[in-house]
Amino acid sequence: MALWTDLASWRGPTANRVPGGMVEIRGLVVHIADGTYEGTISHQRDPSTENSSHFIVSREGDIAQMVDTADKAWTQKAGNGHWLSVECSGFSVGSEHHASHPGWERLTSKQIVAIGRIFAKVHQVCGVPLALTADPSGMGLGHHSMGGPAWGHDKCPGPPIIAQKPDILAAAEQIISPSGPTPAPDLVVRRAAP
Ligand SMILES: [Zn+2]
């Protein structure tokens, strides 16, 4: 059971989850919310939506945690029990509100850093490799549509955000190892606290 309050604001609970339901943690799956930050938080707190994610990231880089990392969130169907999830405030091309939010089909630089912080902690706490993956049987930083029909959404998060995954990985690597392959000792000590 873990709330990652060192990097996220707790905005749960939501009824949309399975307590203790994570079977394993293979990595972090990136989603586009097709919503604003507060709108997505409200959506996930509404039991009638039957939707949730572990984290939500705003365009400004704020991080909300909605579901404990030990609990199964409801955002990528067959992948739910195996991957942590992050919904990113944005609107995909062709979605209802995209026209009024130009550019929101891709992540802001602050979102990239924020997702990088989450992924760095997934690496540190869960032993997930700092790597990209597009394989639901793989490990690392994934994205929703890699799961195909079993994961329920073939257009999430869309090509612009998929193309930004290397930037998220680079941000996570910078956090883990800011000056090269050997982690700075002070960083290791500081991050030893829960
Ligand atoms: Zn998705």
Side-chain angles (χ1 to χ4, degrees), residues 8 11-12 14-18 21-59 61-69 71-98 101 103-108 111-112 114-119 122 128 132-169 172:
R11 298 293 300 272
T14 170
N16 307 335
R17 71 188 199 285
V18 178
M22 291 303 285
V23 177
E24 59 177 348
I25 294 177
R26 306 193 68 84
L28 179 69
V29 171
V30 177
H31 299 258
I32 189 166
D34 280 331
T36 63
Y37 181 61
E38 290 295 337
T40 303
I41 290 171
S42 297
H43 181 80
Q44 294 195 9
R45 290 177 65 98
D46 177 353
S48 72
T49 69
E50 300 187 341
N51 172 253
S52 66
S53 57
H54 292 96
F55 300 97
I56 302 171
V57 172
S58 79
R59 305 292 291 173
D62 306 293
I63 305 172
Q65 183 169 2
M66 303 303 297
V67 174
D68 190 299
T69 57
D71 297 348
K72 183 159 74 172
W74 295 347
T75 189
Q76 67 253 338
K77 298 195 181 229
N80 283 342
H82 307 272
W83 298 78
L84 298 177
S85 49
V86 56
E87 287 279 2
C88 306
S89 174
F91 293 97
S92 50
V93 173
S95 67
E96 185 182 356
H97 300 290
H98 178 258
H101 295 80
W104 283 44
E105 72 278 6
R106 64 184 68 247
L107 303 170
T108 67
Q111 279 180 307
I112 288 169
I115 303 163
R117 290 178 67 202
I118 298 170
F119 187 53
V122 173
V128 168
L132 302 177
T133 185
D135 178 359
S137 300
M139 297 185 78
L141 183 68
H143 59 276
H144 191 170
S145 56
M146 75 180 190
W151 283 26
H153 203 319
D154 64 0
K155 292 188 170 55
C156 176
I161 290 178
I162 291 172
Q164 289 178 299
K165 282 173 62 183
D167 299 330
I168 300 170
L169 177 62

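Computed from a predicted model, the values in this text were never measured in an experiment. First listed ligand is number 1; within each ligand, the first listed atom is number 1.
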Donor-acceptor contacts under 3.5 Å from residues 74-81 side chains, at least two apart:
from	atom 1	to	atom 2	distance (Å)
T75	OG1	E87	OE2	3.2
Q76	OE1	H31	NE2	2.8
Q76	NE2	G79	O	3.4
Q76	NE2	W83	O	3.4
N80	OD1	T75	N	3.1
N80	OD1	Q76	N	2.6
N80	OD1	K77	N	3.3
N80	ND2	A73	O	3.3
N80	ND2	K77	O	3.2

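- For D154, there are no side chain to side chain contact (heavy atoms under 4.5 Å, CB included) partners, not counting sequence neighbours.
- With the Zn ion (ligand 1) as vertex, H144 ND1 and C156 SG subtend 110°, rounded to 10°.
- The atom of H31 that is an N, O or S and sits closest to the Zn ion (ligand 1) is ND1.
- At a threshold of 4.5 Å between non-hydrogen side-chain atoms, the residues L107 and I115 count as touching.
- Ion pairing of R17 with E50 is absent here, as no side-chain N (NZ or NE/NH1/NH2) approaches a carboxylate O to less than 4.0 Å.
- Using a cut-off of 2.8 Å, one finds that H153 contributes no N/O/S atom close to the Zn ion (ligand 1).
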